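Counting begins at 1 with the first residue of the sequence. Because the structure is a prediction, the values reported are computed rather than measured.
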Amino acid sequence: MIKQVFLMAALMIALAGMKVKATSSLLKTEIEPELELESWMVDDFFWTKKSIDLTQATDEALELEAWMTDDNYWR
């Protein structure tokens, strides 16, 4: 009995959440927008290694401060 009530409640929630209109089609054909070329896509400078900065990025060295190792601070 409890299983049937649970299944009915789940079915009602699922049907209520579908939001399918009577006039809409489930097999509606999607039309994608036409692709457009942008200037950077065909720019030789963008695609050559001259335009790419290959230097390794580094962060500043981190230093320990007095409060970081102070036992009184962390109690």
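Between the side chain of Trp74 and the backbone N or O of Thr69, no donor-acceptor pair lies under 3.5 Å.
For Glu32, the side-chain contact (heavy atoms from CB on, under 4.5 Å) criterion is met by no residue, not counting sequence neighbours. Annotation: ring pair (Phe, Tyr, Trp, His ring centres under 6.0 Å) contacts of Tyr73 (sequence neighbours excluded): Trp67.
Residue Ile31 shares its hydrophobic cluster (ILVMFWY side chains chained together at separations under 4.5 Å) with no other residue.
Once rounded to the nearest 0.5 Å, the distance linking CE of Met41 with CG of Leu35 reads 8.0 Å.
Looking only at side-chain heavy atoms (C-beta outward), Phe45 and Trp40 stay at 4.5 Å or farther from each other.
Atom CE of Met8 is surrounded by 12 or fewer heavy atoms from other residues, nucleotides or ligands within 6.0 Å.
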